[in-house]
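Counting from 1, the numbers follow the sequence of the chain as shown.
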Amino acid sequence: MTITADGTMTARGGSRLSGARHGHHPGADDQDQKILSVVHHGVVFFTRGAALALCFPLPLALPLHSTPYPQSQIPSLARIRRYAMEVLVRASRPLLLPLLLLAVVVVVSGGRGEDDGGGAKTYIVRMDADAKPSAFPTHAHWYESAVLAASGGGEWPEGGPLIHTYSAALHGFSARMSPSAAAALAGAHGVAAVVPERIRHLATTRSPRFLGMLSSPPSAILADSDFGSDLVIAIIDTGISPTHRSFNDRGLGPVPPKWRGVCASGPGFPPNSCNRKLVGARFFSAGYETTSGRMNETAEIRSPLDNDGHGTHTASIAAGRYVFPASTLGYARGVASGMAPKARLAAYKVCWVGGCFDSDILAAFDAAVADGVDVVSLSVGGVVVPYYLDAIAIGAFGATEAGIVVSASAGNGGPGGVTVTNVAPWMTTVGAGSMDRAFPANVRLGNGQVLDGVSVYGGPVLQSGKMFELVYAGTSSGAASSADGYSASMCLDGSLDQAAVRGKIVVCDRGVNSRAAKGDVVHRAGAVGMVLANGVFDGEGLVADCHVLPATAVGAASGEKLRKYIAPSTTQKPATGTILFEGTHLGVHPAPMVAAFSARGPNPQSPEILKPDLIAPGLNILAAWPSGVGPAGIPSDGRRTEFNILSGTSMACPHISGLAALLKAAHPTWSPAAIKSALMTTAYIKDNSNGTMIDESTGVVADVFDFGAGHVDPMRAMDPGLVYDITPADYINFLCNLNYTEQNIRAITRRHADCRGARRAGHAGNLNYPSLSATFVADGTKARMKTHFIRTVTNVGGGRAAYQAIIRAPDGSNVTVQPKQLVFRRDGQKLSFTVHVEAAMPMAAKKMEPGSSQVRSGTLTWSDGRHAVYSPIVVTLQAPVQ
C-alpha cells in the first residue's frame, strides 16, 4: 500500500481509499486481524481489523506496510482514542517537522461504537473555519476526522459520519454521536460549540385588503417596490406544490441573475417544476432520517413536493400571484394574492411526519444564504433556550449578517404568558391577529339560546328546522365501555359509544388530538354533527376548521352553558339543538384582535428585548393548498380544494416576510434591522372600533406582551421617517452584556468578541432596538429604581427634518428624553438620544407573591408633523423568587 501526494491510500491490488470518505479498508483482512501500522518519527499507529483513515501533507508517496501483529501487543482502543484526540488538538499548532502526521482516525470494524447504543443523539457542531489544519484538503475531511476521533470507534454510517456540513450561514456540521463523544469533541481545538439537536414543530382573499394593499390602483408599497419583483423569499417549511396557480410565472421577467440555487427533483417533483416564480426548491431529510430511521416513502415524499399543505399555504401568503376566483368550500370568495405577488420563491423542505429537525433547518439556512435569497420565512417553533444553544437563532444570525431579513412565527402557545419562541433580537418575531372577516356557525339550543360559533364546513348541512339530540361525550352515556370519561370528552379515537351517539350532535372538549381529528372520530361513530367546546385555557378564541361533518367551535363560556344544558337531560326529555351555518361575514368589529393562540411575552431569554415584535393577520387565513391533500388535513378526508383556510402564527409570519420583501425592493440599502424597525415603529394598537386592541381569549384590552409594537401597517412602513439600525457588532455587544462567554458568542457569531468595552458602555437594554424594556427587582429595599437607554436613529424621511419627543410614561414611572428634539440636516444622518426611566416602588410591592410581576407600558413617539415614530416602553417590577 502507498499513500500518494494527495493523501489517497492505495491498497494492494490497486483499490483506492479516499481518506476520510470511506469506512472500510478494502486491502485489509478482517478475519485474520491484520494490523496496519505506520512508523513515522518513532510513533506506531494501530487499528484493529479493517479501517484506518490518514491525512498526510506529504510531498512524496511513502510506503505503508500491512503486517500481522500479535493481538496481545495491540494498544487499547481507549489509548488509541486519547492519542488521536491529542493529534487533532496539535494539528493546528506550529509543527516542528513538516512531515508530521496531522490526523489519525481509528475505526474498529464490527459492531457499534462503545457509547453509541441507544444513547446516540444528533449534535450540531459549530466550528472555527480558520482553525482547519492545512493538512486537510477540505473542511469536511477535518470534520469527519474530529467526529471519528471523538467517538473512539464504531462503523461509519453509509456516506460517512456527517449528516450535514454548513459553510454559508455558519461553519460546522451535524453528526450523530454519544453524549460522551460530544463532550470530548467540545474540548477539541477549533470547536466553538456542540449543541444537541431539537425537534421543532409547525407553529389570502382578505388580508391584503385588510392591510390596505389594493392592487388597482396599486398601493404605494406595491407600486414603489414593483410588487416585490426580483426579490427571493425562502420558505423553510414542508415543501411546495409547484403546479398551483398561485405560483405561475406569467408576466414575470427572467430569474434574477444573483440567484445561485437549484431545483432539486424527486418523486412528484420533476426537474422542470421550477419556473420564473418558483426559482428554486430543495429538501433536507438527513437529520430526520438519522434520528428516526429511513422515511416511509409510501407516506412521505423524498422531494420538495408538499404533501402536508403547510408549506404551500405559507408560501402563497408571502408571495402568491393574483388568483381569481379563490375560495374554500364556498367560503371567503374573492381574489387571492400574497403580500409580494411578483417576488420569487425558493422552497426548502425540512419538516416531515416526525417533525422539523434542527440539523435539517440549519442546512436549509445554509443553502438559502448560499443561494442568494433576500428574505427567510420560518413558520416553525419550539422550546426557548440560550441563543448559543438555539440552532434557529444561530442560523438566523448568519443569514442576518449576510443582509437577509429573517421573520419567524412567535408560536401558538397562547394565551398563557412567557410562551413566545424564536426570540433572538436579529429575527422578526411575529404574533397573530384577526381580520374583519368571520365565518359564523352558531348553535341554537332547544331552550332558545343561541351560542356563537365558527366553522368553514362546506358539505350538506343539517336538516333545516329539525332539532337533534345533543350528547356530551364526557358523560358515561357517550363513552365506549373500554374508554374513560376523559378520553371520550376529548373525542379520542375509539372513545365513543356508537350506539349512544349515532344520529346525534356530539359535544367534544378541545385538546390532545387535533380539532379536525375529533370531527373524524365523531363522524365515524355515526353522529350527525359536532360542537367543539373550548376549555378555560383556550378562553373565547375560536378557529374555523374545514370539518368532515357539520361542526362548529364555541368559546369556553358557551361550552360551559352547553354542558350545563345537557347535564339534566333524560331519554324522555333530551337536550336538543342544531348548527346554523351563515357563510362569510365581512366588516366585523372589533378587528384586529390578538388571536387567543398567539404566543405571549415576556421574552424568557432576554427580557430587555420585547417579544413578540408585532402581530399580523393569522386567524382564518385563506391561501393555496395542494391538490392531493384534503382541507381537513387528515387521511380520511377525500375532499379536494385549491385553497384552504388555516390559522396560526405560521400564517402571520409569511405576511411579514412578504412585506419585508416589498420594503427591501423599495429600499434596497436598508439593513434587516432597518426593515424590522420600519415595520415596528409604524405599527398600530387601535382596532376598527377606535379602541385598544383586545385579547380574543378574554375580551379585555391586550398589552405589549400580547402584540409587541402593535399590528403591522404596510402603508406607513414604506415611509417610517426614522429607523433604528443595528449592526452585527451591536449584536455582539448585546451578547456580551448578557454575560455570555467568548465561546458562547463565537458559537453564534463565528467571530471572537472582546466584551470589555461593551460591558463598560452599558447593559443589554442598550441594543439599538425599536422598543424599550426595563425590568426592576421589586424587593422593597429601594423607593425608586432607575435605568437608561441609549438609542440612535437614522433619518430616512427624505431630507431636513426636526422631530419632537412625545412621551406617555408607564403608570408609576417618570420618563425623560435627552435631547427632546432631533434636528436632521440630511437624509441618512444619525442622531442619538438617551431615555431615562425612573420607576417608583408601589406600596403593594412587599405583598407581591414571590416570582410574580407587575407590568406597565407607555410610549415614546418622535414626530415631525408628517411621521410618527412609535416605540413601546415597558416597565416590569419583578418580585424576587424567594
Side-chain angles (χ1 to χ4, degrees), residues 116 118-127 139-140 143-144 146-147 150-151 156-179 181-182 185 193-203 234-239 264 266 281-297 299-308 310-311 347-371 376 378-383 385 389-396 398-399 408 422 747:
D116 193 5
K121 300 177 181 179
T122 297
Y123 292 87
I124 295 159
V125 183
R126 190 77 185 266
M127 301 292 284
H139 282 85
Y143 301 160
E144 288 177 333
V147 173
S151 298
W156 289 17
E158 183 180 354
L162 305 186
I163 299 172
H164 295 293
T165 60
Y166 313 114
S167 60
L170 68 155
H171 290 297
F173 61 91
S174 52
R176 192 164 178 81
M177 64 189 91
S178 67
L185 184 61
V194 179
V195 179
E197 177 174 63
R198 290 176 172 81
I199 304 173
R200 315 283 177 145
H201 298 282
L202 296 166
I235 306 294
I236 300 179
D237 213 294
T238 65
R282 298 177 185 262
F283 65 98
F284 302 91
S285 62
Y288 165 50
E289 293 186 278
T290 297
T291 299
S292 305
R294 188 173 179 85
M295 72 174 68
N296 177 6
E297 295 189 45
E300 301 190 80
I301 300 175
R302 192 184 297 278
S303 79
L305 186 68
D306 182 13
N307 63 332
D308 176 272
H310 193 273
Y348 298 83
K349 182 177 179 179
V350 301
C351 296
W352 307 87
V353 168
C356 318
F357 287 70
D358 274 355
S359 56
D360 294 332
I361 293 172
L362 270 181
F365 265 113
D366 199 57
V369 173
D371 290 346
V376 169
L378 181 69
S379 290
V380 173
V383 298
V385 294
L389 296 177
D390 187 340
I392 289 178
I394 291 170
N422 295 323

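Across G119 and P179, no two heavy atoms sit closer than the pair O-CD, 3.2 Å. Heavy atoms only, all atoms of each residue included: E300 and V353 are closest at OE1-N, 2.9 Å. Taking each heavy atom of A299 and N307 in turn, the nearest pair found is O-ND2, 3.1 Å. Nearest approach of Y348 to A368, heavy atoms of both residues: OH-CA, 3.5 Å. Taking every heavy atom of both residues into account, C351 and V380 meet most closely at SG-CG2, 3.9 Å. Between W352 and S285, the shortest heavy-atom distance links the atoms CZ2-CB, 3.5 Å.
In this structure the side chain of L362 never reaches within 4.5 angstrom of the side chain of H164, judged on heavy atoms. Two residues are said to be in side-chain contact when any heavy atoms from C-beta on lie closer than 4.5 Å; E197 and S174 fail this criterion. Under the 4.5 Å side-chain criterion, counting only non-hydrogen atoms from C-beta, Y123 is not in contact with L185. Within the 4.5 Å cutoff, the side chain of Y166 has heavy atoms near those of the S359 side chain. In this structure, the side chains of D308 and L202 come closer than 4.5 Å at one or more pairs of heavy atoms. Looking only at side-chain heavy atoms (C-beta outward), I236 and V376 come within less than 4.5 Å of each other.
Looking at E297, its side chain never comes within 3.5 Å of a backbone N or O of R302 through a donor-acceptor pair. Between the side chain of R126 and the backbone N or O of L170, no donor-acceptor pair lies under 3.5 Å.
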D390/R200 under salt bridge (charged side-chain N to carboxylate O under 4.0 Å, His left out): CA gap, chis, key distance, verdict: CA-CA 11 Å; D390 187 340; R200 315 283 177 145; 3.0 Å; yes
side-chain contact (heavy atoms from CB on, under 4.5 Å) evaluation trace for T165 with Y143: CA-CA 9 Å; T165 60; Y143 301 160; 4.1 Å; yes
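Below 30°, between 30° and 60°, or above 60°: for H139 and H171 the angle between ring planes is below 30°, a parallel geometry. A tilted orientation is assigned to the rings of Y288 and F357, their planes being inclined by 30° to 60°.
Put simply, the residue from I301, D360, D306 that forms a side chain to side chain contact (heavy atoms under 4.5 Å, CB included) with K349 is I301.
Interatomic distance, CG of N422 versus CG of L378, reported as 6.0 Å (0.5 Å rounding).
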